[in-house]
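Note that the numbering runs from 1 along the sequence shown for the chain. Side chains are part of it too, since the values below use all heavy atoms of this structure and drop only hydrogens, waters and symmetry mates. None of these values were measured; they are calculated from a predicted model.
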Amino acid sequence: KEINQIISEKIKGRKLIFTDYYKFGIMKTGIEHETVLQIFPQFDKVFEIEKDILKHGDIGFELFYRISSNRYFSIATCPKNNKVLIIHAIEYKRSLEKRFKKK
């Protein structure tokens, strides 16, 4: 429920701005920009969101997507006004279940 609230209030329907850090990161790791564009709106696959205070005091949200049993994706965002900055995208080819064990 909290995941859906954050997505609908802070992220969904806003203009995406891709940072230089994001562009450098996907180039370095070989992730296709088209892949990120395809995964990002699949909010039904988001199973966890980490909230963090960013370097300049902004609030960021890292969305974790379950793509398949051993393939996960995280996309770090920073909502600003009516836009969403995309900070980085990371693909994980291993389970993240241990990382998110209930605290």
I31-Y92 co-clustered via ILVMFWY side chain contacts under 4.5 Å: no
Cluster check F61, I7: I/L/V/M/F/W/Y, side chain < 4.5 angstrom: yes
Any side-chain heavy-atom pair of Y72 and E91 under 4.5 Å: no
Rounded distance (nearest 0.5 Å) linking atom NZ of K93 with atom CZ of R71: 7.0 Å
Where I11 and L63 come nearest, the two heavy atoms and their spacing: CD1-CD1, 3.6 Å
Y65 vs I75 side-chain heavy atoms within contact, under 4.5 Å: yes
F73 and F40 aromatic centres sub-6.0 Å: no
CD1-CD distance between I49 and E2, expressed to the nearest 0.5 angstrom: 8.0 Å
Evaluation steps, side-chain contact (heavy atoms from CB on, under 4.5 Å), between V84 and K15: CA-CA 6 Å; V84 174; K15 182 178 180 188; over 6 Å; no
Inter-residue atom distance S74.OG - H88.NE2, 0.5 Å rounding: 4.0 Å
Sub-4.5 Å side-chain heavy-atom contact between L85 and K80: yes
Aromatic F47 / basic R66 pairing, under 6.0 angstrom, 45° off normal: yes
Contact check, side chains of D52 and I59, non-hydrogen atoms, under 4.5 Å: no
Nearest-0.5 Å distance that lies between atom CD1 in I6 and atom NZ in K51: 7.0 Å
T19 side-chain N/O to I86 backbone N/O, donor-acceptor pair under 3.5 Å: yes
Enclosure of Y21 OH (heavy-atom neighbours >12, cutoff 6.0 Å): no
Heavy-atom pair of closest approach, residues R14 and P79: NH1-CB, 4.0 Å
Any donor-acceptor N/O pair, T29 side chain to G25 backbone, under 3.5 Å: yes
Close side-chain approach of L54 to I87, heavy-atom, < 4.5 Å: yes
Connected via hydrophobic side-chain network under 4.5 Å: L37 and Y22: yes
Shared hydrophobic cluster, I39 / F43 (ILVMFWY, side-chain heavy atoms < 4.5 Å): yes
Spacing of CD belonging to E9 relative to CG belonging to N4, to within rounding of 0.5 Å: 11.0 Å
Approximate separation, where rounding is to 0.5 Å, of E62 CD and C78 SG: 12.5 Å
Minimum-distance pair of heavy atoms, taken over all atoms of V36 and A89: CG2-CB, 3.8 Å
